[in-house]
**Student:** 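Let me begin by handing over the structure; questions about it come next.
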Amino acid sequence: MSLLSRYGRSAYSRKLRGPSALLRLAFLSTASPASPGAPSPARPGGPPPIQVALTESAGRGVFASRRIGSGELIHTAEPVVSHPSLHSLHAVCYFCLRKLDGAGSPARAASFCSDGCRARSKAFYEVETRVDWSIHDDYCRARGLKYPFLVKRLACMVISGATSSDCLDILQPAYLSPEMISEMEEGFGLLKCAFTNAHLKDEQIAFLTKQWYTTLLARIRINAFRVEVVGGSFEDLLSMAVASVEAEAAVGNAVYMLPSFYNHDCDPNTHIIWLEDAVAKLKALRDIEPGEELRICYIDASLDWDARQSLLSQGFGFRCDCPRCLSGD
């Protein structure tokens, strides 16, 4: 598994789509935690201490609306869509990615950690279980593909009415080479065929076009996070400069709304962690002043300059000019 696969993140140069998009993001930064994909407030009864605004050179960004202390929990965010990794499929909850007390049965399609997760999955899971996924899943498994599983789940969510087909349209898609497009088109054919063979009504899958599939997958490629559950409590991590985790801690992949708008820095002031499940927690690594931009590191910050520049250029399409990189560190 490459470092790039481990740190899938949004592109640094992504631009907002005009004032309406910016207003929507500003709303998301103060939305109720009950909204799917929206952040929860850092302080009970109030919004998170952040706002989304345009930066001078990197499109949109997330900024502190007040002073944020080192170690402070800035906000949390539930995923818009998530899916277990193949090696964790029977070891974690099929919905929230929480590790199960005992390994699930391989004979069962999915296991849930609670009745609540089972209930929240009911609509899309009923669609999913109507379809024979063997050819599609074997294709992805043989090629080491993980993001088509997020597309598959989102398609089932759309068919069930749990979300809209344009729920991720605000996110910028990655650049796609002709080879990537060709591979995506093959995956699209398998997904469409699986739904068609399940005798779903044409109107239920009318949204499922080649354009929808490839554009969605392009967005997911650079906005998905690799979820690595560290366990323990948030308080246990406050004394840690960085919540380092081993690769085998990864339990799945997820796409979030607000966390996808954090820009990159090789010496970040903010870190994203997962304690027990797919709910992302953004914490301050040092004191952050009002108006200062909050940034996370898209890759392994311990890499040297050459390795960081190579990964960011190849995976995210930009050359990093953060203060650390400009210093040659």
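Numbers for residues simply follow the sequence, beginning at 1.
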**Student:** Between I288 and T270, is the side-chain contact (heavy atoms from CB on, under 4.5 Å) condition met? List the steps.
**Tutor:** CA-CA 9 Å; I288 301 172; T270 305; 3.9 Å; yes
**Student:** Please say which of L217, L216, V151 ends up in a side-chain contact (heavy atoms from CB on, under 4.5 Å) with M184.
**Tutor:** L217
**Student:** Is atom CG of D304 surrounded by more than 12 heavy atoms (other residues, nucleotides or ligands) closer than 6.0 Å?
**Tutor:** yes
**Student:** Does Y94 have R153 sitting over its ring (NZ/CZ under 6.0 Å from centre, angle to axis within 45°)?
**Tutor:** yes
**Student:** Set out, in order, the CA-CA distance, both residues' side-chain angles and the distance that settles side-chain contact (heavy atoms from CB on, under 4.5 Å) for K146 and L86, then state yes or no.
**Tutor:** CA-CA 8 Å; K146 54 188 177 181; L86 291 178; over 6 Å; no
**Student:** Do V52 and L258 come within less than 4.5 Å of each other through their side chains, counting heavy atoms only?
**Tutor:** yes
**Student:** Scan side-chain atoms only and decide if S313 and Q309 contain a donor-acceptor pair under the 3.5 Å cut-off.
**Tutor:** no
**Student:** Which atom names give the shortest non-hydrogen contact between R120 and E78, and what distance separates them?
**Tutor:** NH2-OE1, 2.9 Å
**Student:** Is the closest basic N to carboxylate O distance between E72 and R66 below 4.0 Å?
**Tutor:** yes
**Student:** Just jot down the ring pair (Phe, Tyr, Trp, His ring centres under 6.0 Å) partners of F149, sequence neighbours excluded, or say none.
**Tutor:** H83
**Student:** Considering only NZ, NE, NH1 and NH2 on the basic side and carboxylate oxygens on the acidic side, decide whether E126 and K122 come within less than 4.0 Å.
**Tutor:** yes
**Student:** Specify the closest pair of heavy atoms between C266 and R308, including all atoms of both residues, with the distance to one decimal.
**Tutor:** SG-NE, 3.1 Å
**Student:** Please, which pairs that meet salt bridge (Lys or Arg N to Asp or Glu O under 4.0 Å) have at least one residue in residues 136-145, sequence neighbours excluded?
**Tutor:** D137-K152, D138-R141
**Student:** Look at D265 together with R324 and state whether they make a salt bridge at an N to O cut-off of under 4.0 Å.
**Tutor:** no
**Student:** State which residue, out of I170, N223, L294, I50, fulfils the side-chain contact (heavy atoms from CB on, under 4.5 Å) condition with F261.
**Tutor:** I170
**Student:** Would you confirm whether the ring centroid of Y256 sits within less than 6.0 angstrom of the ring centroid of F225?
**Tutor:** yes
**Student:** Does any N or O in the side chain of R286 come within less than 3.5 Å of the main-chain N or O of P268, such that one atom is a donor and the other an acceptor?
**Tutor:** yes
**Student:** Is the backbone N or O of Y125 less than 3.5 Å from a side-chain atom of T129, with the two atoms forming a donor-acceptor pair by type?
**Tutor:** yes
**Student:** Quick one: pull up CG in L171 and CE in M257 and give me the separation to the nearest 0.5 Å.
**Tutor:** 5.0 Å
**Student:** Among the clusters formed by ILVMFWY side chains lying less than 4.5 Å apart, do W274 and I296 turn up in the same one?
**Tutor:** yes
**Student:** Please answer: with hydrophobic residues joined when any side-chain heavy atoms are less than 4.5 Å apart, are Y213 and F207 in the same cluster?
**Tutor:** yes
**Student:** Would you mind reporting whether C325 and R319 have side-chain heavy atoms less than 4.5 Å apart?
**Tutor:** no
**Student:** Taking all non-hydrogen atoms of both residues, which atom of Y147 and which atom of A224 are closest, and how far apart?
**Tutor:** CE2-CB, 3.6 Å
**Student:** With sequence neighbours excluded, what pairs up with F195 under the ring pair (Phe, Tyr, Trp, His ring centres under 6.0 Å) test?
**Tutor:** W133
**Student:** Roughly how far, to the nearest 0.5 Å, is the NZ atom of K201 from the CD1 atom of I159?
**Tutor:** 13.0 Å
**Student:** Once you round to the nearest 0.5 Å, how far does CG of L285 lie from CZ of R295?
**Tutor:** 14.5 Å
**Student:** Who pairs with F63 by ring pair (Phe, Tyr, Trp, His ring centres under 6.0 Å), at least two apart in sequence or on another chain?
**Tutor:** none
**Student:** Within this structure, what is the CE-CG distance for the pair M157 and L150, rounded to the nearest 0.5 Å?
**Tutor:** 10.5 Å
**Student:** Taking C-beta and beyond as the side chain, do V227 and S82 meet within less than 4.5 Å on heavy atoms?
**Tutor:** no
**Student:** Flag yes if L191 and V127 sit in one hydrophobic cluster, no otherwise; membership is Ile, Leu, Val, Met, Phe, Trp, Tyr, and two members link when side-chain heavy atoms are under 4.5 Å apart.
**Tutor:** yes
**Student:** If you compare all heavy atoms of N263 against all heavy atoms of Y298, which two are closest, and at what distance to 0.1 Å?
**Tutor:** CA-OH, 3.3 Å
**Student:** Applying side-chain contact (heavy atoms from CB on, under 4.5 Å) to C93 and D277, what does each step give before you reach the verdict?
**Tutor:** CA-CA 9 Å; C93 176; D277 53 27; over 6 Å; no
**Student:** To the nearest 0.5 Å, what is the distance between CG (N269) and CG (D267)?
**Tutor:** 8.5 Å
**Student:** When clusters are formed by joining ILVMFWY residues with side-chain heavy atoms under 4.5 Å apart, either directly or through shared neighbours, do V279 and F95 land in the same one?
**Tutor:** no
**Student:** What I'd like to find out is whether the side chain of L168 reaches to under 4.5 Å of the side chain of L154, using heavy atoms alone.
**Tutor:** yes
**Student:** Other members of the hydrophobic cluster containing I135, with the 4.5 Å side-chain heavy-atom rule, please.
**Tutor:** Y139, L145, L190
**Student:** Give me the atom names and distance for the closest heavy-atom approach of L282 to P259.
**Tutor:** CD2-CG, 4.1 Å
**Student:** Tell me, do C113 and L100 make a side-chain contact under 4.5 Å, heavy atoms counted?
**Tutor:** yes
**Student:** So do the side chains of D132 and N197 get within less than 4.5 Å of each other, counting heavy atoms only?
**Tutor:** no
**Student:** To the nearest 0.5 Å, what is the distance between CG on D101 and OG on S111?
**Tutor:** 11.5 Å
**Student:** Is it the case that the side chain of R118 and the backbone of F112 share a donor-acceptor pair, with hydrogens and angles ignored and the cut-off at 3.5 Å?
**Tutor:** no
**Student:** Evaluate side-chain contact (heavy atoms from CB on, under 4.5 Å) for R221 paired with L176, printing each intermediate quantity in order.
**Tutor:** CA-CA 10 Å; R221 285 177 67 93; L176 300 177; 4.2 Å; yes
**Student:** Should S327 and D329 be marked as a side-chain hydrogen bond (donor to acceptor under 3.5 Å, both in side chains) after you check the CA-CA gap, both sets of side-chain angles, and the distance that decides it?
**Tutor:** CA-CA 6 Å; S327 72; D329 179 11; 5.2 Å; no
**Student:** Mind checking what makes side chain to side chain donor-acceptor pair (under 3.5 Å) contact with S85, not counting sequence neighbours?
**Tutor:** H87, S88
**Student:** What is the minimum heavy-atom distance between V131 and A198, and which atoms define it?
**Tutor:** CG2-CB, 3.8 Å
**Student:** With a 4.5 Å limit on heavy-atom distance, are the side chains of F318 and H264 in contact?
**Tutor:** yes
**Student:** Would you indicate whether the side-chain heavy atoms of V158 and L208 approach each other to under 4.5 Å?
**Tutor:** no
